[in-house]
Amino acid sequence: MAHSLVHRQCTFSAASTSGRPSVANQVTLRLDRHVLRPVPSPKWYNEANEAASTSSRLSVVAAATPIDEAKKGRGRPKKLKDTMDTSPNVVEEGAPPLPKPGEFQQTLVKSFTLGGIGLHSGEYAYIRVRPAYAGEGRYFVRVPEGTNSDMFELEEPENIDLSRFEVEEEPDEELEALKLQLFQDYLSVQELEEFTGTFPQYLLALELNAKGDAVKSSNAKRVLKSYAKAVDLSKEWLGDGPEPIVPRGEDFLPASVEAAPDEMQAITTRLGNDEDEEIGGVELLLSALEACGVDNARIEIEGGAEIPIIDGSALGWVMEIQYAGLRPAPLPGSPEPVRRMAMRPTRPITVQDEDSFITLYPEETIRITVGIDHSEDAEVIGKQWKSWCMFEDLHYRFELADARTFVSCPEELVSLRELGFVKGGSEGCILVAFGDRWWDPQMLRHVDDEPARHTMVDLIGDLSLNAQNGHCGLPIGHIVAYKPNHDLNVHFVRALREAVSDEDYVPMVELGAADQEAAEQLLEELGGLPEEYQDAYAEEEEEE
């Protein structure tokens with residue numbers, strides 16, 4: 001069917017607006033360790049939050065900070081512990097760094113555009129994800145036909161001639177010596193934490209710093225030219241600078257639980273209580289934005305009222321985000337970054353529907369565990385569990401993003417079509433279980449647990465609706481979800497909102513693992529800990 005070709009091409013053609021290399025990059029692993037430390041909300045949080053959300057439809061989080069509540073005698077706060085980030089940092093040669101959440105609100109460096117068919121509507125839509133100001137959060141805007149469609153073009157499959165990568169001449173010994181010397185310099189500055197980018201980025205920085213060291217700049221330029229993609233790298237990372245931000249205006253649909261209908265369909269997430277403004281299939285895009293640290297984004301939709309399914313996974317969105325790049329999200333008229341707040345519940349929170357449930361247990365990290373059970377209707381799926389921690393495991397792109405959506409049997413697919421869903425077709429984007437095997441096993445990317453992984457991707461997308469004013473959607477804690485669906489996920493987000501108070505929001509401060517002095521200095525800059533907090537710390541340290 002024609003649409004299946006579009007699905008497959010969209011997966012790879014998304015590079016058309018971001019210049020992504022078409023050849024697979026070399027991947028290496030490097031382990032970075034740092035601390036994400038929850039600290040008490042400082043005075044400037046309320047001021048920045050209020051300024052950032054002046055024209056927002058969403059309510060401002062907190063007039064009272066944890067410090068204010070402590071002074072009112074509402075009980076001593078618990079000791080805030082460090083969360084070590086030991087997740088492997090994947091460094092790809094010839095690619096920008098992987099996008100990750102940070103201590104400040106972030107947005108895109110530049111926009112990207114992607115087109116495709118909606119899984120359930122069967123309508124074609126163009127999606128342009130653009131930078132947004134701090135405090136605006138993620139929001140949707142419907143734009144007229146022809147606004148962004150010319151920015152997206154399907155790419156024809158390309159046959160790559162590998163012979164052009166073959167070395168026909170003897171290696172230049174002087175050039176090879178320069179490469180070795182510069183790479184040793186690169187390793188040295190990394191050990192000193194003076195530079196955290198990739199080797200090609202280091203070379204590019206040296207080349208641009210001709211005034212600092214003309215010889216090194218010249219050598220770096222020569223080594224860069226020896227790489228086939230040197231010109232592409234320069235264009236990719238430099239470009240024309242950050243893309244200007246379009247103010248949000250008044251006509252928008254916030255990617256927030258407030259915009260979700262009271263009763264959500266179990267098979268997809270839609271926003272908007274008015275049929276004219278409703279947007280469906282938002283879960284995969286929002287999941288990628290939340291997990292990759294895009295806290296503020298203007299999402300323009302043209303054409304159909306459903307986000308394209310692409311290949312049934314979130315991978316296409318993650319790749320676009322990676323090559324668009326991240327930057328601190330500015331406030332209008334101010335370059336100062338805004339700290340990113342996270343919800344930190346202090347007691348368990350549970351929602352349940354028959355044997356399905358979602359529970360958050362307090363923990364000093366962001367961890368998600370998902371369980372599914374299709375042992376009765378799909379032996380090939382059976383019972384699966386998947387656990388993922390943002391600060392311990394591989395990046396979202398490699399662990400979760402590429403997992404496709406699925407159905408437990410062909411009959412389920414037929415039933416969905418009879419109910420008016422899956423009008424866009426299933427070929428190339430849905431894994432179909434068929435008893436003890438898969439209908440098309442070549443589509444499978446994770447043999448043991450792909451359905452559980454995709455269920456977690458959906459859950460993260462729905463949890464992103466917890467975000468307010470550009471702050472973190474995922475709460476700090478361990479979320480255990482058994483047989484979740486979109487309706488239960490949204491009810492859980494509402495339960496989170498009802499269960500927490502203003503004192504349960506904390507900023508995440510990123511610090512060097514051994515940089516305790518910097519941590520103390522930061523707390524001092526924030527005004528220090530009040531006496532109530534100092535007493536709490538002292539008492540708990542004595543108990544330990």
With distance as the sole test, does [X] use its side chain to make a donor-acceptor pair with the main-chain N or O of [Y] at under 3.5 Å?
| X | Y | value |
| --- | --- | --- |
| N466 | G473 | yes |
| D295 | Q106 | yes |
| Q322 | P96 | yes |
| W388 | L394 | yes |
| S464 | G461 | yes |
| S313 | A403 | no |
| Q105 | N469 | yes |
| T269 | H486 | no |
| D462 | L459 | no |
| Q384 | I372 | no |

How far does [atom1] of [X] sit from [atom2] of [Y], to the nearest 0.5 angstrom?
| X | Y | atom1 | atom2 | value |
| --- | --- | --- | --- | --- |
| R130 | N296 | CZ | CG | 15.0 Å |
| E250 | F252 | CD | CZ | 9.0 Å |
| E290 | Y396 | CD | OH | 10.0 Å |
| I358 | L488 | CD1 | CG | 4.0 Å |
| I309 | E306 | CD1 | CD | 7.5 Å |
| S356 | N489 | OG | CG | 10.0 Å |

Test T268 against E283 for side-chain hydrogen bond (donor to acceptor under 3.5 Å, both in side chains), laying out the working first.
CA-CA 7 Å; T268 188; E283 58 269 21; 3.3 Å; yes

Working note: Y126 + Y124, criterion ring-ring contact (aromatic ring centres under 6.0 Å, His included); need CA distance, chi angles, decisive distance, verdict.
CA-CA 7 Å; Y126 297 97; Y124 204 95; 5.2 Å; yes

Please report the closest heavy-atom contact between [X] and [Y], naming both atoms and the distance.
| X | Y | answer |
| --- | --- | --- |
| R494 | D262 | NH1-O, 3.7 Å |
| A255 | L286 | CB-CD2, 3.8 Å |
| V294 | A297 | CG1-CB, 3.9 Å |
| G293 | L326 | O-CD1, 4.3 Å |
| S256 | A467 | OG-O, 4.3 Å |
| A134 | L331 | O-CD2, 3.7 Å |

Does the side chain of T147 come under 3.5 Å of the side chain of E302 through a donor N or O and an acceptor N or O?
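T147 vs E302: no donor-acceptor pair found between side chains.
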
Under 3.5 Å, is there a donor-acceptor pair between the T107 and Y133 side chains?
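Absent: no donor and acceptor within the cut-off.
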
Cationic N near anionic O, under 4.0 Å, R344 to E364:
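Here R344 pairs with E364 in a salt bridge, since their nearest N and O are under 4.0 Å apart.
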
Does E278 pair with R270 as a salt bridge, N-O distance under 4.0 Å?
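Salt bridge between E278 and R270, a charged N being under 4.0 Å from a carboxylate O: yes.
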
With side-chain hydrogen bond (donor to acceptor under 3.5 Å, both in side chains) as the test, would you mind laying out the steps for H491 and D353 before giving the verdict?
CA-CA 10 Å; H491 276 88; D353 181 19; over 6 Å; no

Assess whether salt bridge (Lys or Arg N to Asp or Glu O under 4.0 Å) is satisfied between E243 and R128, documenting all intermediate values.
CA-CA 13 Å; E243 182 177 316; R128 185 181 182 189; 3.3 Å; yes

Quick one, C292 with K100, criterion side chain to side chain contact (heavy atoms under 4.5 Å, CB included). Give me CA distance, side-chain angles, the key distance, then yes/no.
CA-CA 5 Å; C292 292; K100 300 175 71 173; over 6 Å; no

Do [X] and [Y] come close enough that some side-chain heavy atom pair is under 4.5 Å?
| X | Y | value |
| --- | --- | --- |
| D251 | V141 | no |
| L416 | I267 | yes |
| P131 | P242 | no |
| V282 | R138 | no |
| I368 | S387 | no |
| R327 | L108 | no |
| I279 | I307 | yes |
| I310 | L114 | yes |

Would R142 and E300 count as a salt bridge (Lys or Arg N to Asp or Glu O under 4.0 Å) here? Give the steps.
CA-CA 6 Å; R142 178 160 287 285; E300 296 180 349; over 6 Å; no

Does the pair R497 and E258 meet the rule for a salt bridge (Lys or Arg N to Asp or Glu O under 4.0 Å), with working shown?
CA-CA 11 Å; R497 291 283 190 88; E258 285 85 354; 2.6 Å; yes

Which word best sums up how the rings of Y482 and W385 line up, parallel for under 30°, tilted for 30 to 60°, or perpendicular for over 60°?
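Geometry flag for W385 against Y482: parallel rings.
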
Test of understanding: with ring-ring contact (aromatic ring centres under 6.0 Å, His included), list the residues that count as partners of H120, not counting sequence neighbours.
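Residues passing ring-ring contact (aromatic ring centres under 6.0 Å, His included) with H120: F421.
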
Could you go through Y139 and R298, starting from their C-alpha distance and side-chain angles, then the distance that decides it, and tell me whether this counts as side chain to side chain contact (heavy atoms under 4.5 Å, CB included)?
CA-CA 5 Å; Y139 63 94; R298 175 186 176 92; 3.4 Å; yes

Would you check, one step at a time, whether the test side chain to side chain contact (heavy atoms under 4.5 Å, CB included) holds for L98 with V318?
CA-CA 9 Å; L98 288 168; V318 175; 5.9 Å; no

D311 vs R404, side chain to side chain contact (heavy atoms under 4.5 Å, CB included): CA-CA, chis, key distance, verdict:
CA-CA 7 Å; D311 69 343; R404 301 182 202 263; 3.5 Å; yes

